[in-house]
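Input: a single structure, listed below in structure tokens.
Lettering of chains follows the sequences in order, A, B, ..., and the numbering in each one begins at 1. Heavy atoms only: backbone and side chains are in, while hydrogens, waters and symmetry mates are out.
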Amino acid sequence: MKFGVITFPGSNSDEDAFLAITDVLGQEGVKLWHKDHDLRGVDVVILPGGFSYGDYLRAGAIARFSPIMREVVAHADRGGPVVGICNGFQIACEAGLLPGALLRNASLQFVSELCRVRVETTETRFSNQYAPGQILRLPIAHGDGRYTADDATLDRLEQNGQVVFRYVNAKGETDPSADPNGSMRGIAGIVNERGNVLGLMPHPERAAEAIVGSADGVALFESLLAQVGV
Amino acid sequence: MTVLPRPGDPVITPALVAEHGLTPDEYQRLVDMLGRTPTFTELGVVSALWSEHCSYKHSRPLLRTLPTKAPYVLQGPGENAGVIAVGDGLAVAFKIESHNHPSAVEPYQGAATGVGGILRDVFTMGARPIAMLNSLRFGSLDHPRVRYLFAGVVKGIGDYGNSVGVPTIGGEVVFDPAYETNPLVNAMCVGVMHERDLIRAKAEGVGNPIIAVGARTGRDGIHGASFASEDLSHESDAKRPRVQVGDPFTEKLLLEASLELIKSGHIVAIQDMGAAGLTSSSAEMAARGDVGVTIDVTKMPVREEGMTPYEILLSESQERMLVVAKRGHEAQVKEILAKWDLSAEVIGEVIAEPVYRVTEGDRVVAEFPGSRLVTDCPVYHPDARESDTIAALRARDVDAIRERPEERDAAWTLRELLSSPTIASKAWVYRQYDTSVRTNTMLGPGGDAAVLRLRGTRKALAVKTDCNGRYVYLEPRVGGRIAVAEAARNVACTGARPMAITNCLNFGNPKRPEVFFQFREAVGGMAEACETLGTPVTGGNVSLYNESPNGAVFPTPVIGMVGLADDVDHVTRATFQQAGDTIVLLGEPTSELGASEYLARVHNVTAGAPPRCDLQVERRLIDLLLEAIQAGVVSSAHDCSDGGLAVALAECAMADREQRFSATVDLSSWSGISKRAMLFGEAQGRVVVSTDSPARVERIAAARGVPVRRIGIVEAADRPFRIEYAGGQLVAPLEQLASAYHNAIPSIMTRVAVADDALAADAPSTVGS
Amino acid sequence: MSRYRVAVHIVPRRGLLDPQGKAVADALHSLGFNGVRDVRVGRHLVIDADAPEPQSAERVVRDMCAKLLANPVTEDFEIANVEQA
Amino acid sequence: MSRYRVAVHIVPRRGLLDPQGKAVADALHSLGFNGVRDVRVGRHLVIDADAPEPQSAERVVRDMCAKLLANPVTEDFEIANVEQA
Ligand SMILES: Nc1ncnc2c1ncn2[C@@H]1O[C@H](COP(=O)(O)OP(=O)(O)O)[C@@H](O)[C@H]1O
Ligand SMILES: [Mg+2]
């Protein structure tokens, strides 16, 4: 399967995503450049973490106007899978690929730690290799991760099973003190209505090998592979 | 060529010379060198290059006494960063630098631009930065201004490194009134590269173009280098325009573009425009290559209108580089920078004539005879004399200090130490640092050294900064030795062999004999330790004049140590790993109590002699540790430092929030040592190890001639933490110790600090808003 | 063409949590500013732009806000001032 | 006592680099807003506070700016507006 990782000016986890896909999963990786007008035939697009355009103004606000984003939106409209990780999640929201917005952490501090999230649904092409309710250890590292949307949107996300990951405590329960950034309803990751665009604040690509603390992110990418049956 | 004053330049007067920080003698040297009166522009250039920060005029002779050689050292002192070979065709570049004075005035930007500068020092060697560390000193957190400085510095370091995408994985923070108005902010960067990509900042090749790359030049930070060479005073506040604003976004682009440029083969040299900006970068590159250069300031891309040559030469605008390209390759250089949305402008060239010439269009505004600009700087050998006051403090009999009544319960004392901000968990700090980006972090902050795997090999790199300024204050030679030994011990605890160091020498005003004494002795102690431990010095930085109305800071020679583990399987944690393991102490307790954190925290006393440090013993300890770790018989290893054995044991038990254990320890077999020296004394050369094969650890230790003793058992976390000593015992619920340790800093920073936090949290030009 | 300086306010939508505003209010209280009831923190942008006349300068900046400067999900904007630069 | 709403602008000091303003200006250019010459990004604070009269509300807010809200090293502030809340 062919994964394309986009590099925006200021992306800093593009290499991490690329290596997780190629070195760890043994899949084909394609480095895509923000000025490109072509996705070069990739099956999955990854919008990586980092600080595109310095995150100046608002995280993800400027990157969404990059030339390549037009192709990404078209790819998503065709039903092609897109994974927005951290800054990529912010870009996806700004681009309207996902509902809501990611605001400054409630603590007003950048937060970096190995957090816990619970898999809320395995019925997505990004989570079918997890067990229902499975608790994952994934690194987070962000200053703007407070997921925010109006109540109607939140209700709709819940009803449609679009909430994929939620922050939980060591017991696996949602708990405001286990929500590292003040996200509404503890939301760490969502899919769009059609189920082909995933956005999440934690970094599955940084949790691809036990040697660096966790390999719990691997199954996210394996879920995509299972779908296509490569 | 004739050099004429520019219209509008101020007349050179003794007052103007003094304002530029030059002594009458230094000014006379300048006149002799030129054979005429300097222009205002020339005065500015020399004032920057001959500032302490750029010229090392008070420190150079002593720095020459440091050992710098080992077969694996590829680049020693004198370049942007030191470089060592680590096998498999890979090399590691690393360097530490101070940003103390800028951070005292503007903590957020001061610290952020410090990180930016040290990153550039590493990637201009051709290395990709893979880790940042920081070594910080502040006054007491009881003061709102100190909380403001602390919060701002940490946020500045975090925002910058996080944005560039380099994990910040280690460091130290110490709080002591000695740093009240003059905090220390030292940042270290570590990078990896293929040996073949190593490049040096040496201008070469007559006719080669000199290219300015990166951000435009503004009026910010003019005279930062001389600013760093003065005492901090109230007037410093009035010198505000000297602060610089960092832009990590541009830095990230510059980093990628520079690495691409170096690999491309289109350039011969590259250097950061750091302190004293264009002036020092161009003069140093020319001096290293022993060539002349000419630069036209009108070609320099500027941000503001009407900038004078003086301003352009001395600006410290951030995120800029100076490149010497191969002649005829200008277009390719510009193309690589354009890909990253950065500009590159040819501003001069390398010339055969041995001069350093600056023009403004056709007019020559400054001209110096070649490398004399760098080499003619005076060198000073100041007087050195120990302060009587400090000698008396050291001689004080600290054993005569009576215990406080609360101390009858040793658990009270232990909690008191665990909640001392200097000892307590620094998670409040490093939670704000991205530690996982680049996916190499095997051990992040929180243990002894941090460890990174070296991708594509079985090896791992361990890194740590260390210095106990109180030891150096009370006995500088011993303190200098301990700084190196402790850094080495920390690295060895993780399973890595200490390889080499960089250092940042933070001292007071060297013209004061008692300060220069500290400097000389501390450097001497460092040199001895580096020699014995086999860790050469590959570079560093000197920051003098760290003084304020209250006097000099503790002399603080911060050591940045790099070590190498041959196999990732040997990487060892500081905290206990399984209940039932035997706890073994390597090394021996002593009766020493002087200079301890215990005296400072519990009795508010800074006195006594610091513990002895026998470097041969340290060396054997390191060898033994590595042998035992490689033999696979060590579950965890943690060195004893601030707070002594009791604190080390408690940290082994509960420093890891996710995985806690308790311990039952018996120290009663040492009977000649007082309870507090036993528990809280800071005897050197000690490591707490947990193991499931104590007999094998004992055999290895005995063969190396290192004292070893089984002292206890690792227990489940629900058991009380217990230490028996001759004449009593310390018992505490583990939870109590954990909460003292983990909550100390957060509770201070949220309790009263909201005001300063809110401001610091929203520093100007907020990154990742 | 003349040059105009247009000032824009971009503020968090009312009803949304404004942790920054709250932190500042708390900070002000702890400094003894007890009269403070509420603080909101937004962005203040000053844009210098060439335009034939002030109305069109304002129109263009409105367009910038709609497209880029404000997030329609969480923020409101207002043109605070237009003047000759 | 009445309640006043005081608006404050806090802007990066002229001469200092404003990376955020520069990034926004570049983004506006690439969106085709070619008339843009310069952008500065600062903060807009709205403070509701009790005070006996508008002058004293303004005075108190100035004091807040000097003590907390603006960074004296890198920022300038101005009171943009005072009105009855
Ligand atoms: N400023 C900092 N930045 C990052 N990590 C830090 C900082 N200060 C302390 N740490 C980390 O906290 C742990 C304890 O530090 P320290 O008390 O200095 O250890 P030691 O006593 O072994 O020298 C180390 O892992 C260290 O790297
Ligand atoms: Mg240690």
Side-chain angles (χ1 to χ4, degrees), chain C residues 1-12 14 18 20-21 23-53 56-70 75-81 85, chain D residues 1-12 14 18 20-21 23-53 56-70 75-81 85:
Chain C
M1 280 285 177
S2 304
R3 183 152 308 168
Y4 294 95
R5 178 161 295 168
V6 185
V8 184
H9 294 159
I10 297 169
V11 292
R14 287 261 158 197
D18 174 15
Q20 220 180 329
V24 172
D26 289 350
L28 288 170
H29 289 153
S30 76
L31 282 179
F33 292 105
N34 299 319
V36 173
R37 291 289 151 265
D38 187 38
V39 180
R40 309 284 295 171
V41 182
R43 259 190 280 271
H44 170 69
L45 278 82
V46 182
I47 300 167
D48 289 357
D50 293 340
E53 22 112 61
S56 73
E58 173 165 348
R59 214 168 33 242
V60 172
V61 172
R62 275 191 190 284
D63 192 24
M64 294 175 190
C65 288
K67 282 215 175 86
L68 173 73
L69 303 178
E75 294 172 325
D76 293 316
F77 67 87
E78 71 186 10
I79 307 291
N81 193 38
Chain D
M1 281 285 178
S2 306
R3 183 152 309 169
Y4 294 94
R5 178 161 296 168
V6 185
V8 184
H9 294 158
I10 298 170
V11 291
R14 289 259 157 199
D18 174 15
Q20 181 151 225
V24 172
D26 290 348
L28 289 170
H29 288 153
S30 68
L31 281 178
F33 292 105
N34 298 317
V36 174
R37 292 286 149 268
D38 188 38
V39 178
R40 310 283 294 171
V41 181
R43 283 174 294 154
H44 168 69
L45 277 83
V46 181
I47 300 166
D48 289 356
D50 294 340
E53 22 114 61
S56 75
E58 173 166 345
R59 213 169 33 244
V60 172
V61 172
R62 274 190 190 283
D63 194 26
M64 294 174 188
C65 286
K67 286 218 175 85
L68 175 77
L69 304 176
E75 294 176 320
D76 292 318
F77 66 89
E78 71 184 11
I79 307 292
N81 192 41

**OP:** Pick whichever of D:Val11, D:Ile47, D:Asp38, D:Asp63 has the most heavy-atom pairs under 4.5 Å with chain C.
**Re:** D:Asp38
**OP:** Side-chain contact test, heavy atoms from C-beta onward, threshold under 4.5 Å: evaluate it for C:Val46 versus D:His9 and give yes or no.
**Re:** no
Original post:
So do C:Ile10 and D:His44 actually touch side chain to side chain, heavy atoms under 4.5 Å?
Top reply: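 A side-chain contact under 4.5 Å is absent here.
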Original post:
Most heavy-atom pairs under 4.5 angstrom with chain D, which of C:Gly42, C:Gly21, C:Ala85?
Top reply: C:Gly42
Subject >> Top of C:Ala57, C:Gly35, C:Ala80, C:Ala51 for chain D proximity - count of heavy-atom pairs under 4.5 angstrom >> reply: C:Gly35
Subject >> Part of C:Val8 within contact of chain D (heavy atom distance under 4.5 Å) >> reply: neither
Original post:
If you take all heavy atoms of D:Ala27 and C:Leu68, which pair is closest and at what distance?
Top reply: CB-CD2, 4.0 Å
